[in-house]
Amino acid sequence: MRPFVFLATVMLSLPAPLAAQSQTFTRADTLRGSNTPERAWWDVTFYDLHVRVRPADSSIAGWNGITYRVLDPRQDMQIDLQPPLEVDSVVQAGRRLTFRRDGNVVLVRLADRPRVGDSRTVTVHYHGRPRVARRAPWDGGFVWATDSLGRGWIATANEGLGASVWWPNKDYLADEPDSQRIAITVPDPLVNVSNGRLRSTTRHDDGTTTYEWFVTAPINNYNVTVNAGPYAHFSDTLDGEAGKLTLNYWPLDYHLDAAQRQFEQVVPTLQCFEHWFGPYPWYADGYQLIETPHLGMEHQSAVAYGNHFLNGYRGRDLSGTGLGLQWDFIIVHETAHEWWGNNITMQDHADMWIHESFANYAEGIYTECRLGKAAGAAYMIGVRIGIRNDRPIIPAYGVNAGGSGDMYPKGGTMLHMIRQIVDDDAKWRDILRGLNTTFRRQTVTGQQVQDYMSREAGVDLSRVFAQYLTTTLIPELQYRLEGTSLSYRWANVVPGFDMQVSVMVPELGTRILHPTEAWQAMAVPSPRAAELKVDENYYVTARNVGGQGGR
Ligand SMILES: [Zn+2]
């Protein structure tokens, strides 16, 4: 897919709390997280990845053929590959090219200047012992594990860290290939499962087998995965919105029975998400769920599963309501990413809320599908126990920075609130489905998502997004009763904050207020009006400021 030139202007408009929290970023962060001149001139169309995996010494070796279209003729090309992996050679049209390493970057000098529109391929040969994951999937890399019988069990997980931790590519989120081959060679009898569909299996004389997988759709780099182990296999079919979807399941062989029970949750999960978000995005590539030695990851069409066949999040309920124990967190959350993260992908890591806020919200939606709308709302109110308000959800752009973990529960909370503002479930569903058709298989900025939602909701939500994504402030509804006049306003908010809020006023009933930072007043019939209650679907606080507040 076409890379986008991203203008890092957002920092300028951020309110003080984030601006004050300045961080230091290095040149390496900029090379990793921005569309450098050595990246912007070429558009990846195909990755042809071939990797031999050797668990005996935790090493890998292989090559990636990078096919690209020339957007702007230049001769210097940035390819990313993280040490300690070494580049053996870079080859184009049979000629070895010169290159130099600069930290995680391989700067290649092409033999000639291409023409606009040309399609070229450059092949990078490499080898080494890739970074071992310290705590996958969060602190990732290669996972060299063994199962309970001591057999090899290998996986990759590298969100944030980047795919260049194990294979050479343009490690920039805004440029995805249109399709990709992933040919992984592993020692027998391990079975390797990667993304998309298995095209061929080739046994070699040296006791290894190559599993050639192919993804026919754009895929973000961090989703490309190796999963090799003593897998059993079973399959199912979903009669879905866009036809028949093949479901392939790969548990460890001795977990076949457990998987056959637990993975029955996949079909209702997909049905629920198709209803709310639109057709599963990858019918041609199918859906797979693969048991992994780490907890899980949204690897496109090859979801990693390590939740031990338990409901909840490792058997716990992140909402504190008990509702999260009604379903398997990893199946639901990671599958939601097929829409939120894989179909619609952030261009910059700073906008990871697009992935996680919607995936968190999808947990509430699944609860609603299974147990009703009130249960879904209770789940979304419950997940607020995980909100820390430690720092903003959106960090600096252009440096591959990660924001607060609040992107999960607080981001989901924000979306649940926006649904209250929309106050029309059919329209809300149209917005969620519309995002998935409008930005189908694209990389986007958070701003595009925000603008779309405001436009379709018919409400300017910009300050709602600014409040909850770029500050740690919780809006406070201040109010005071003077005779029969109830005054109210917002405090602790970004300039211009104007979110509506629903309140229950004794003897008056439910009212939608449209507070701003300025006091407004309404006539109320009761001296008990000061006992008003804010609808708990809104993540705000309320305070009776009596006679002294607000001057
Ligand atoms: Zn997630």
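Remember, it's 1-based here, ligands and their atoms both numbered in the order they're listed. For reference, positions follow the sequence shown, starting with 1.
Outside the 6.0 Å centre-distance limit, the rings of Y249 and H233 are not counted as a close aromatic pair. In this structure, W339 has its ring center closer than 6.0 angstrom to the ring center of F273.
Counted within 6.0 Å of CD on E536, heavy atoms from surrounding residues, nucleotides or ligands total 12 or fewer; the atom is thus considered open.
Contact check on K373 versus D425 returns a salt bridge, with a Lys/Arg side-chain nitrogen under 4.0 Å from an Asp/Glu carboxylate oxygen.
Within the protein, the number of N, O or S atoms lying under 2.8 Å from the Zn ion (ligand 1) is 4.
Y379 and E363 share a donor-acceptor pair across their side chains, judged by distance under 3.5 Å alone. Side-chain contact annotation: D285 with S301, donor-acceptor N/O pair under 3.5 Å absent.
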